[in-house]
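Within every chain, numbering begins at 1; the chains are lettered A, B, ... in the order of the sequence lines, protein sequences first and strands thereafter.
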Number of protein chains: 2
Amino acid sequence: MEGKSVAGRIHDAIHRLTAAEKRAARGLLGSYPTLGLAPVAEFAQQAGASSATVLRFVSALGYKSYPDFQRALREELEERSKSPLQRSSTSDVRADADAQFLDRFVAQAVDNLRGSAALIPASEFEAVCARLAENRGACYLAGGRFTDFLAGYMEAHLRVIRPGVRRLDGRPATRADQMIDVKPGDLAIIFDVRRYDPSLIDVATELAARRAQIVLITDEWMSPVSRFAKLVLPCRTEMGRTWDANGSLFTLAEAVIARTTELSWPTASKRIGSIEA
Amino acid sequence: MEGKSVAGRIHDAIHRLTAAEKRAARGLLGSYPTLGLAPVAEFAQQAGASSATVLRFVSALGYKSYPDFQRALREELEERSKSPLQRSSTSDVRADADAQFLDRFVAQAVDNLRGSAALIPASEFEAVCARLAENRGACYLAGGRFTDFLAGYMEAHLRVIRPGVRRLDGRPATRADQMIDVKPGDLAIIFDVRRYDPSLIDVATELAARRAQIVLITDEWMSPVSRFAKLVLPCRTEMGRTWDANGSLFTLAEAVIARTTELSWPTASKRIGSIEA
DNA sequence: TCAATGCTGAAATCATAAATTCAGAGGGCC
DNA sequence: GGCCCTCTGAATTTATGATTTCAGCATTGA
């Protein structure tokens, strides 16, 4: 009984319901789940019943209060939107599934990419690129255990288009040296995803103390570094139960690079020219 | 203003919001629209802000009360489920092309991902993963100027699931040392994309001479290293005229890692367990 | 037709959530 | 480095919505 969907409970219980309660049930199923998320009075009116009847209906479904019932609806809704493709481990045709591993993986990666684009406000993205294109002060990059390579990739590209790009490596011993030149208004880009790296908190704290502006690129669960960040670009990373993928962060990094290049073309083109030579 | 979606309003207003209000905005976008249907206190807690801040946030979006805001969310939800075919996500056509940069970039990246999946034969992909999961001999990784970070990323993951993983760095001086232990039947994964790195040809030549099996991950124009490769995984990278993106290579690398982990789970899980400890 | 039973919704009560206030913290700017 | 101004969240007040009560009405069976 506990783990059942609200709609499921209605179907189970509908025989036991009285006439007016059935109207409530029909109303809810008719615009599911929205009507149940409205206040009781509105639910009642839309369904052509009284508030009291709606409450009795909800109680008959086994919920101990109206808010409790609404919580169930919200959780159901959340569940649905969280997993766009139900990726259960239940064995389908195994050989077939194996053959399509790459396709399925890519489909999921595509979802993550699109989800990320929806999650990131355009103005936030623009602000990051514009700030990078200003060429004001230094620009530091850092990442965690795996995301450090993203920081490295981005550094390699940014070096081409602007001066003052530096990488902060993870070794505590060298951290003080690296931070020594950080000045107020400098920019720092930090990559951090789940199993958030504790050392990045230290780095961010130190950077914040030195008044650097922190840009955080993270996952949908939001690294604790966000506390120190001026700008945050969150990406979707979820791939099934066990594995998170950083592909969306990587593509976001590339988008930032591409856009920044575009914005700072007048100055960047000169640097690029002289590097080619 | 009246007819705008809540998400749209957030995107419009986000630059005017204060730090804590942005946390609220991100929280809502992160689990949209469910969080907004919860009581203020719950919204606040989930988003890491106070109730007061959430109320200010809602007011900043132009709603005259929290219930008013919730009604808007419900109507939106109702709207979406009513329309027979879910039309493509971001419906509003924005006049400002710049504001669309990220969307356009992501759309292109999605094309590349799908194109890559189409370009790579499933059997080729499976062969690479199966060979990696065998745990036979050593596994070397190398990349070019930018793709070296992909090699690094993959190395970091492969180290977790199998022994004998090494990275070949690009310095000619140390190359001889690194190659000294390469044995026939060892595996080498090389990343190389356009403006192909000449030094990788040398590396590949040397590896081939020592009878290593070379796996090449490259772009659609095919690195010259392919001449020495036993298996080739080509990806689409084209993004308009000036810029190639490596996001598809990155995701391919992640797919290989994920699949290899799956295939070698009996042995890999033990390693993972001991690393966690 | 007349009880008896139990469903229903209007109104009263109670609980909880929304809105407001304000003192203190934090950040930015000379 | 110090001042000022804005932002923030705890505490308080206000409002709204959930719950209960109960009188009346409908339905059913004798």
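The interatomic distance linking B/L55 (CG) with D/dA11 (C1') rounds to 15 Å, in whole Å. Between the C1' atom of D/dC7 and the CZ atom of B/R16 lies a distance of 18 Å, rounded to the nearest Å. With rounding to whole Å, A/R227 atom CZ is found 9 Å from D/dG9 atom P. One can place CG of A/D68 at 18 Å from P of C/dA15, the figure rounded to the nearest angstrom. In this structure, A/R71 atom CZ and D/dA18 atom C1' are separated by 14 Å, rounded to whole Å. The nearest whole Å value for the distance from the CD atom in A/Q213 to the C1' atom in C/dG27 is 12 Å. Atom pair A/F69:CZ and D/dA18:P shows a separation of 11 Å (rounding to whole Å applied). We find that NZ of A/K64 is positioned 15 Å from C1' of D/dT19, with the value rounded to whole Å.
Residue contacts shown for A/A44 are absent, as no nucleic acid heavy atom lies under 4.0 Å away. No engagement by B/S51 is indicated, since no non-hydrogen atom pair under 4.0 Å with the nucleic acid exists. A/A52 comes within contact range of at least one nucleobase, with a heavy-atom separation under 4.0 Å.
Listed candidates were C/dG9, C/dA18, D/dG17. Nearest to the side chain of A/A20 is C/dG9. For A/V40, whose side chain is taken as the heavy atoms from C-beta onward, the closest listed nucleotide among C/dA19, D/dG9, D/dA18 is D/dA18. With C/dT8, D/dT8, C/dA18 as the choices, the nucleotide that has an atom nearest any side-chain atom of A/A19 turns out to be C/dT8. When the nucleotides D/dA18, C/dA18, C/dG9 are ranked by their closest atom to the side chain of B/Y66, C/dA18 comes out on top.
Checking the phosphate oxygens (OP1, OP2) of C/dC7, no side-chain nitrogen or oxygen of A/T18 falls inside 4.0 Å. Phosphate contact (OP1/OP2 of C/dT8, side-chain N/O of A/T53, threshold under 4.0 Å): absent.
At least one cation-pi condition fails for B/R23 and B/F57: the charged atom is not both under 6.0 angstrom from the six-membered ring centre and inside a 45 degree cone around its axis. In this structure, B/R9 forms no cation-pi arrangement with B/F69, as its terminal cationic atom is not both closer than 6.0 Å to the ring centre and no more than 45° off the ring axis.
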Table please: side-chain donor-acceptor pairs of residues 45-53 of chain B below 3.5 Å, with sequence neighbours left out.
from: B/S50; atom 1: OG; to: B/T53; atom 2: N; distance (Å): 3.3
from: B/S50; atom 1: OG; to: B/T53; atom 2: OG1; distance (Å): 3.1
from: B/T53; atom 1: OG1; to: B/R56; atom 2: NH2; distance (Å): 3.4

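Judged by distance alone, with hydrogens and angles left aside, A/R56 brings a side-chain donor or acceptor within reach of the base of C/dG9, the pair sitting under 3.5 Å.
Side-chain N or O atoms of A/D192 include none that pairs as donor or acceptor with a backbone N or O of A/G144 at under 3.5 Å.
A 4.5 Å side-chain heavy-atom check between A/P33 and A/L77 finds at least one atom pair inside the cut-off.
Annotation: of the two residues near DNA chain C, A/P67 and A/K230, the 5′-most nearest-nucleotide partner is A/P67.
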